[in-house]
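Following: one structure in structure tokens, then a few remarks.
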Amino acid sequence: MRTDRGGDLRAGDVGRSVSLCGWVARRREHGEHLAFIDLRDRSGVVQCVVDGASELRSEFVVRITGTVRPRPEGTANDDLATGEIEVGDCQVEVLNQAEPPPFPVSDRVDADETARLRHRYVDLRRERMQRNLVMRAAVTRALRAAMDGQGFLEVETPLLWVPTPEGAREFVIPSRLQPGNFYVLPQSPQLAKQLLMVAGLDRYYQIARCLRDEDLRADRQFEFAQLDLEASFVSQDDVLAFVAEAVLDATEAATGERPGEIERLTWTEAMERFGSDKPDLRAGPELVELGPVFVFAATGFKAFQAPCIKGIRVEGGSGDFGRNKLDALTDRAKSLGAKGLVWMRVKPEGELESPVAKFLSADELAGIVARTEAAPGDLVLVVADERPTVRAVLGQLRLDLGRPPVSEGERRFVWITEFPLFEGLDGDGRPVPAHHAFTMPHPDDLDRLESDPLSVRSQSYDLVLNGWELGSGSIRIHRADIQSRIFALLGISEADAEARFGFLLSAFRYGAPPHGGFAVGLDRLVAGYPHGAGRNSVLLYVRRGANPPLYIGVDLARR
RNA sequence: GGUCCCGUGGUGCAGUUUGGAGUGCACGCCGCCCUGUCAAGGCGGAGGUCGCGAGUUCAAAUCUCGUCGGGACCGCCA
């Protein structure tokens, strides 16, 4: 039916007779006997010169047969990949007519998103959307190649699964054969892949569908994909290397540029310096510890008699922040949980101007300037509070003060390692796992497991890109003695454990190898590549909340 | 479960603060003209329950309440 995709034609094709099929993107009529048709297919757009186009309308499906020729002198179009040539002497065959589209099929116009989702098949005709889907395919191809190259075996795990005792809320599917019983759709292949390790598969990966019945967010869908992997006989560094290889290859495939080494921060470093376990390293000031400045601890300023004092330096911020903006920043800090926000302007002579300056000694003021390395014209923001509050507030403020969009500027991947094993204590004083109950503690901290559990680090790790959590993983517990200690700490009896995790524990009794793994969120990874892209431009279909459920333009099934 | 914001021809917006005739702009659509355009251009035209429902008022796109839809965020997402 066709010989080429029109968008692929170049000067080298001049003279060829071609047949092209596609949609009428635009037409420009110049009287009865000259019209230009921009023909669009997956490869892009090419200009066809036809003898009259009065029967053609936007989005008609046509087959055009003609001859590739160079455009007349002076009429080339640098904005088009096909701009040097055109297809002339065209015969046009209308394969199908079309109603006017509900919104312009153009990258220039941001149409109503509801309409775009309802008519997703029209929305996906946009060049940008198709480009993103093509890029997504390039990314998954690169991921597969990287995993294959590292000796991983692709294995598909079941979708009709059983409940997992912890984690996200799961979708349930009624069973026809056992009325009253339900299948559960996996929130991740976590347990299945651990069983594959017990089975001796050694290195497994999958581009896995994950389904979570949780509330939606801008970057969150019920249904999403991840590169899921698990490997036996590996250390944490081995896992990080596997993932880095795949992610860097994918980035190169998507953008043409291979980032350098992925940086590494421990969780504590990330929290202290950036106030976040998913730091955006591109911009914004780091948090500076100010507590030690006040060695004498007996500062006369009550607000600074706190367990933790940190500041951030806003370069050149003195002039940019008048009282209104400072008040707004203070309100923002309070809404984030701080009791207040102390600001200090560095005056041309180097001394500090601040509402609280009179409560601080000269040494203290000088210490703040020295620690923050503040220069004249800078602004220093200080929060004093409990350590988690200080981190959270300043961590958010540094982003508020200048965070570029995720997909713009440089690409800063960073590993966050040594997460705490427990995130705190529950109402009964029992530690709460930060990851899951099968995460291996850091070997150096094992002897403190019972005596000081909150200080115990885990062998779990996250991959972060420009402030986005791209994925996470851990080394799993494979030894029964350590698992028993964890269950004891969590207050899970042997009977409880058997009831909740029985099939995994029983599998582990038949020879479980040391193993660990990772999962990379594919949608987030891909959305981070194109400039200005959002979630909805890299997904085939987008699911939104509430009624009527807008999926592919139809309601959910009812029974 | 909670907080805040937004609903105006097919699309994108202005109009809402301070109530006074569905008023305006751009795109698209329909018709006519046009032989080198490319977001073609010119002339003309059609297209509206201002999300929906109450209330206040002589009068509501505009004010109030409710409701539906959408968005952002918190909870939640091991």
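These numbers come from a predicted model, not from an experiment. Order of the sequence lines fixes the chain letters, A, B, ..., with proteins taken first and strands second; residue numbering starts at 1 for each chain.
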Please determine, for the side chain of [X], which listed nucleotide ([options]) has the closest atom?
| X | options | answer |
| --- | --- | --- |
| R26(A) | rC29(B), rU37(B), rA40(B) | rA40(B) |
| R71(A) | rC77(B), rU35(B), rU37(B) | rU37(B) |
| E86(A) | rG36(B), rC34(B), rC29(B) | rG36(B) |
| P72(A) | rC38(B), rG36(B), rU11(B) | rG36(B) |
| N77(A) | rA39(B), rC30(B), rG36(B) | rA39(B) |
| R28(A) | rC38(B), rU11(B), rG31(B) | rC38(B) |

Expressed as a whole number of angstroms, how long is the span from [X]:[atom1] to [N]:[atom2]?
| X | N | atom1 | atom2 | answer |
| --- | --- | --- | --- | --- |
| Q187(A) | rC76(B) | CD | P | 16 Å |
| E127(A) | rA39(B) | CD | P | 12 Å |
| E99(A) | rG28(B) | CD | P | 19 Å |
| D123(A) | rG10(B) | CG | C1' | 15 Å |
| L39(A) | rU37(B) | CG | P | 21 Å |
| E32(A) | rC32(B) | CD | P | 11 Å |
| Q47(A) | rC38(B) | CD | C1' | 6 Å |
| L34(A) | rA40(B) | CG | P | 14 Å |

Provide the distance between the two [atom1] atoms, one in [N] and one in [M], to the nearest whole Å.
| N | M | atom1 | value |
| --- | --- | --- | --- |
| rA40(B) | rG45(B) | P | 23 Å |
| rC73(B) | rG31(B) | P | 45 Å |
| rC6(B) | rG22(B) | P | 24 Å |
| rU67(B) | rA26(B) | C1' | 33 Å |
| rG24(B) | rU16(B) | P | 16 Å |
| rG7(B) | rU64(B) | P | 14 Å |
| rG47(B) | rG9(B) | P | 15 Å |
| rC29(B) | rG10(B) | P | 15 Å |

Touch class at under 4.0 angstrom, heavy-atom based, for [X] against every strand present:
| X | answer |
| --- | --- |
| A35(A) | nothing |
| S58(A) | sugar-phosphate |
| R69(A) | base |
| A76(A) | base |

H515(A) and F508(A): aromatic ring centres closer than 6.0 Å?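 Ring centres of F508(A) and H515(A) closer than 6.0 Å.
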
Look through every strand shown and name the nucleotide pairing with [N] as Watson-Crick or G-U wobble, where both distances are under 3.5 Å.
| N | result |
| --- | --- |
| rG66(B) | rC52(B) |
| rU35(B) | none |
| rG44(B) | rC30(B) |
| rU3(B) | rA72(B) |
| rG9(B) | none |
| rG20(B) | rC58(B) |

Would you say the side-chain atoms of S19(A) and R2(A) include a donor-acceptor pair closer than 3.5 Å?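 No donor-acceptor contact under 3.5 Å links the two side chains.
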
Donor-acceptor side-chain pairing of Q459(A) and T439(A) below 3.5 angstrom: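 Checked: Q459(A)/T439(A) side chains show no N/O donor-acceptor pair below 3.5 Å.
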
Using centres under 5.5 Å plus planes under 30 degrees as the test, is F103(A) stacked with rU11(B)?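 No, the aromatic ring of F103(A) does not stack with the base.
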
If only side-chain N and O atoms of R27(A) are considered, is one of them under 4.0 Å from the OP1 or OP2 phosphate oxygen of rG41(B)?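 No, because none of the side-chain N or O atoms of R27(A) sits under 4.0 Å from OP1 or OP2 of rG41(B).
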
I need the [X] [atom1] to [Y] [atom2] distance, nearest 0.5 Å.
| X | Y | atom1 | atom2 | answer |
| --- | --- | --- | --- | --- |
| L505(A) | Q483(A) | CG | CD | 6.5 Å |
| R63(A) | Q91(A) | CZ | CD | 10.5 Å |
| R457(A) | T268(A) | CZ | OG1 | 7.5 Å |

Which residue lies toward the 5' end of RNA chain B, P100(A) or R212(A), if each is placed at its nearest nucleotide?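 Closer to the 5' end of RNA chain B: P100(A).
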
Both Q190(A) and L80(A) contact RNA chain B. Taking the nearest nucleotide for each, which residue is further toward the 5' end?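 Whichever sits nearer the 5' end wins; that is L80(A).
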
Flag the pair R212(A) and E170(A) as a salt bridge only when some basic side-chain nitrogen lies within less than 4.0 angstrom of an acidic carboxylate oxygen.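 Looking at E170(A) together with R212(A), the answer is no, because their closest N to O distance does not fall below 4.0 Å.
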
What do you reckon, is CD of E450(A) surrounded by more than 12 foreign heavy atoms closer than 6.0 Å?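 Above 12, so yes.
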
